[in-house]
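Down below is the structure, laid out as structure tokens.
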Amino acid sequence: MSEYEPQRIEAKWQNVWREQGAFRADRDPARPKYYLLEMLPYPSGTLHMGHMRNYTIGDAVARYKRMRGFNVLHPIGWDSFGLPAENAAIKNNIPPRQWTNSNIAQMKATCERFGFSYDWRREVSTCEPEYYRWNQWFFLRMLERGLAYRKKSKVNWCPQCQTVLANEQVVDGCCWRHETTQVEAKDIEQWFLRITAYSDALLDDMKELGEGWPERVLVMQRNWVGKSKGARVKFPVAKMEGKAIEVFTTRIDTIYGATAVILSPEHPLVPELIHGIPGSGAIEAQWNRLRQKILRPAELAKAEKEGIFTGRFAVNPFSGEMTPIWVANFVLADYGTGAVMCVPAHDQRDFEFAEKYRLPIKIVVQPLQGAALKKDQLNEAYTDYGRAVDSAKYSGLESAKAIEKMTADAEAKGIGKGETTYRLKDWGISRQRYWGTPIPVVYCEKCGIVPVPDDELPVKLPESVALTGEGQSPLAGVPEFVNASCPKCKGRARRETDTMDTFVDSSWYFYRYTDAHNDRAPFGAEEARYWFPIDQYIGGIEHAILHLIYSRFFAKVMHDLGLIEHREPVKRLFSQGMVQKGGRAMSKSHGNVVGADEMAQKYGCDTARMYTLFAAPPEKDLEWSEQGIEGCARFLNKVHRLVERYAEKLRGVEANPSAKIDLASATAKEKVLLRKAHQTLKRVTNDLEARWHFNSSVALIMELVNEIHAQEPLDEGARPEIAKRVLELLVLMLAPIVPHMSEELWETLGHSGGLGKVSWPAYREDLAKEEQFEVVIQINGRLRGKLLVDDGLTEDETRERALSEPRVTQLLKGHAILKTIVVPKKLVNIVVR
RNA sequence: GCCGGAGUGGCGGAACUGGCAGACGCGUUGGACUCAAAAUCCAAUGGUGCUUAGCAUCAUGAGGGUUCGACCCCCUCCUCCGGCACCA
């Protein structure tokens, strides 16, 4: 009898799989496909068990689906551009590519060591020109369609390094390298992708995702797009001919309660308004103070409301009233029109502002029910809908109706119009960094911005570049790169030196997997049509918004380019929980990392995989416990011993396949074994198929092992072909979870050729079925006895049996039975007085 | 503040459609095997009370409700986690 030696058998089977090409998947219209994807990892160096959880869940599903006969596409790749490689280069003087590739090699080795069933032929690394070439290609297509454009935008600037900082390089408002140097906001020209062109599509198409995506992700995305319907209304400025302030409001019905108009400090009209007003010098000084504070948006959210009166008035276009114009810090410049009407009675922020600056409060909406609001008793704004009052001819209308009518009237009179605004902003993709995809345009002295022609792609990132982290954009210091000729006029041109946000790389990578080596297109249409949409995507919740909204946006653009037929790339999304140690997420900086290689070394990867699936339901956070994983190691040893114990005797035996088992001729022990095995199979199948409760699947399999163990010795009272079948079922159920050990035990049981061609067993309802049921007897809902009844007992018979139980009769003495509830095969509840 | 999610033994967690709360694992305790240890195996293990082989009773964050019956459905509240946060 041989010992369970995980290291030996894991290496052995990994070799077999490699030689067989066991996990290669090719387009095969004759078979149903299943595209299973885990989020592309960033090659940061070593993998810890937090990373592995994601892949373990995916691999269990991939292996299960293969056993169910699906043609499973299960690929992986590397999100290999990005800042850490640059930082490592600065720190250790290693070229980013070298650092990145050595990390990839290391992580790939770990993945192979865990036996993940990837089709490695489809491996993609985003920092390779063969890949990023297509980022550039997509960019050019967007440029052609006006979906890529340039505008000025703020970046973080460290005056000491004289360089742009990524958000991650800003620590508490200071440069990461100069902790005392305040980061400044600097306006520079940058490239944007017009994701806002798809705002409504991103919202509307969520209907397709409702079934398969977690609700919280959809909610987050909906809030991120932030659609709100309202109206734009013009307030003409008094004594300034032709000047008006436009405000955006969702509550035009409260306009008769507007007691001020408030502009953002950055509103372009402010200087004009202040100019020529008595005391304008002092006002301007205050305004400048307000404007300075704008620079720090994190604090702004918590800051107290502050404002100044400009000295000017605007005319309320509905009431004709003169309304003071203020400038205040709480009005956002880049949302709506950058100006609001201030209705203290019906907006909480306006209420607070009005209280501080003693602006009048005017109630123009009363609740439909309950006591009427009184001005002097208002402690907070009344923001609900109700009925308009003191609103001229609109008085008496309910809010929704008033909004509709007033919007229409505003439009008719040319003083406003209905408008929908979004919080979603266009996607700024320019990064003043080296390790990323070069943006494929040149700036020609004569022709201006000129796209690099397709046949000159990729614009390759130069490889030997001195990275210091100081000075201008790294690529700007590489003359061979910067100096270009204009594709149009062949004159002198300067190449764009910014690179793309790495979220571009990860926005479409899963299409590339379907056709990873295509050098004529990002992917072939046929390949995408066969494999898409992704049947199951698995990843961390931290990508709920950015990655998952950008990739939806890309798919919509690709759809409009005619590259794909679907609108949504991902049918189902699963967000797994984090792995924690000591109550905190595993990370290098917390110093609580449990290394994947270390676990594979110590226990074997099957044990690590099993513990990962068993310790918590997959969507919940998992606290890593050394004792917990030891428990799993014990269990696998136990299974190994169990199978080994009978292997010798059973090897030559032809197992009786489940389909042919005849229950009538079975012994008592065989019935118990078969019943438990098929009950387990039924529930594990359901867990893997629909519920994804891998933790309870593992628990069920443990129960099965306990039952088999209780029935030992198996060679007494059970025929070998039945005993063998039960052990086979055990091994097959373990296959998605602990694939190496399952292969080994399958072989031990006398099978050759591996599990690759073996299907998931079908459970038989009649074998799983209990012959007897324990019926619980309750009196007034309290447990008072139990009854063992045969299958097929009628309701009346069950009731009779319960009532004639001695203990029950005893307890019922002196009580009148009001009624009896019988749930067949489950319980009898006798209600007495 | 708003929006989501969660709260069950000493711990991780189970309980499928409203029907025996605590499956399975960890830990703990006792025992077997052993010169001894490890490994393995066996048994016990929510609290309280009692006339203690058993029985009763309480118990799923708190309080209430619906129901013959509630971890599960409804209402109110508390705590924790996550997201958004002056979005007009």
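In what follows, chains are A, B, ... by sequence order, proteins preceding strands, each numbered from 1. Computed from a prediction, not measured in an experiment: that's the story for all the values here.
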query = If you check every side-chain atom of A/F248, which of B/rG13, B/rC68, B/rA88 has the closest atom?
reply = B/rA88
query = How about A/S391 and A/D253: does a side-chain donor come under 3.5 Å of a side-chain acceptor?
reply = no
key: OP1 or OP2 of B/rA85 under 4.0 Å from side-chain N/O of A/R423   = yes
request  = Describe the nucleic acid contact of A/R683 in one word from base, sugar-phosphate, nothing, applying a heavy-atom distance below 4.0 Å.
outcome  = base
request  = Using the P atoms only, state how far B/rG25 lies from B/rG18, rounded to an integer number of Å.
outcome  = 28 Å
ask   = Does one side chain, of A/N54 or A/Q576, offer a donor that lies under 3.5 Å from an acceptor on the other?
value = yes
key: Which nucleotide in B/rU40, B/rC68, B/rA15 has an atom nearest any side-chain atom of A/R634   = B/rU40
message = Would you say A/R645 places a side-chain N or O within less than 4.0 Å of OP1 or OP2 belonging to B/rU40?
response = no
ask   = Name the stems with RNA chain B in them: runs of three or more consecutive Watson-Crick or G-U pairs, distances under 3.5 Å?
value = B:1-7 with B:78-84, B:10-12 with B:24-26, B:27-32 with B:40-45, B:46-50 with B:54-58, B:61-65 with B:73-77
ask   = Side-chain N or O of A/H543 less than 4.0 angstrom from OP1 or OP2 on B/rG83?
value = no
remark   = By nearest-heavy-atom nucleotide on RNA chain B, the more 5' of A/D347 and A/L622 is A/L622
message = Students often get this wrong, so: under 4.0 angstrom with heavy atoms, is A/H346 touching a base, only sugar-phosphate, or nothing?
response = nothing
query = Any side-chain donor-acceptor pair under 3.5 Å between A/D200 and A/Y422?
reply = yes
query = Between B/rG12 and A/N695, is there an OP1 or OP2 to side-chain N/O distance shorter than 4.0 Å?
reply = no
inquiry  = With no hydrogens and no angle check, just 3.5 Å: does a side-chain donor-acceptor pair link A/Y64 and A/E689?
reply    = yes
task = Determine the contact category for A/D350: base if any of its heavy atoms lies under 4.0 Å from a base atom, sugar-phosphate if only primed atoms, P, OP1 or OP2 are that close, otherwise nothing.
result = nothing
task = For the side chain of A/Q627, starting at C-beta, report the closest nucleotide among B/rG13, B/rG27, B/rA14.
result = B/rG27
note = Considering only heavy side-chain atoms of A/I821, the closest of B/rG83, B/rG12, B/rG19 is B/rG19
query = Under 3.5 Å, side chain of A/T310 to main-chain N/O of A/I325, donor-acceptor pair present?
reply = yes
ask   = Are the side chain of A/R764 and the backbone N or O of A/H678 linked by a donor-acceptor pair below 3.5 Å?
value = no
ask   = Does A/R641 put a side-chain nitrogen or oxygen below 4.0 Å from OP1 or OP2 of B/rA39?
value = no
request  = Please tell me which of the listed nucleotides, B/rC41, B/rC20, B/rC16, lies nearest to the side chain of A/E774?
outcome  = B/rC20
task = Would you indicate what A/G336 reaches in the nucleic acid, counting non-hydrogen atoms under 4.0 angstrom: base, sugar-phosphate, or nothing?
result = nothing
message = Applying a 4.0 Å non-hydrogen cut-off, can you work out what A/V340 is touching in the nucleic acid: base, sugar-phosphate, or nothing?
response = base
key: B/rG25 OP1/OP2 closer than 4.0 Å to side-chain N/O of A/N706   = yes
inquiry  = Just the rounded figure in Å: distance from C1' of B/rA88 to CG of A/D384.
reply    = 16 Å
remark   = Assigned chi class of B/rG64 under the 90° convention is anti
ask   = For A/V828, which of A/I821, A/T798, A/I779 qualifies under side chain to side chain contact (heavy atoms under 4.5 Å, CB included)?
value = A/T798
Distance below 4.0 Å between A/R222 side-chain N/O and B/rC2 OP1 or OP2 = no
query = At under 4.0 Å, does any side-chain N or O of A/S696 touch on OP1 or OP2 of B/rC24?
reply = no
inquiry  = With nearest nucleotide decided by heavy atoms, which residue, A/Y422 or A/V219, maps closer to the 5′ end of RNA chain B?
reply    = A/V219
query = Nearest-Å distance, OH (A/Y4) to P (B/rA39)?
reply = 18 Å
Touch class at under 4.0 angstrom, heavy-atom based, for A/Q778 against every strand present = base
key: Distance between P atoms of B/rG30 and B/rA37 (Å, rounded)   = 13 Å
request  = Describe the nucleic acid contact of A/Q348 in one word from base, sugar-phosphate, nothing, applying a heavy-atom distance below 4.0 Å.
outcome  = nothing
inquiry  = Within this structure, what is the CZ-OG1 distance for the pair A/R232 and A/T421, rounded to the nearest 0.5 Å?
reply    = 9.5 Å
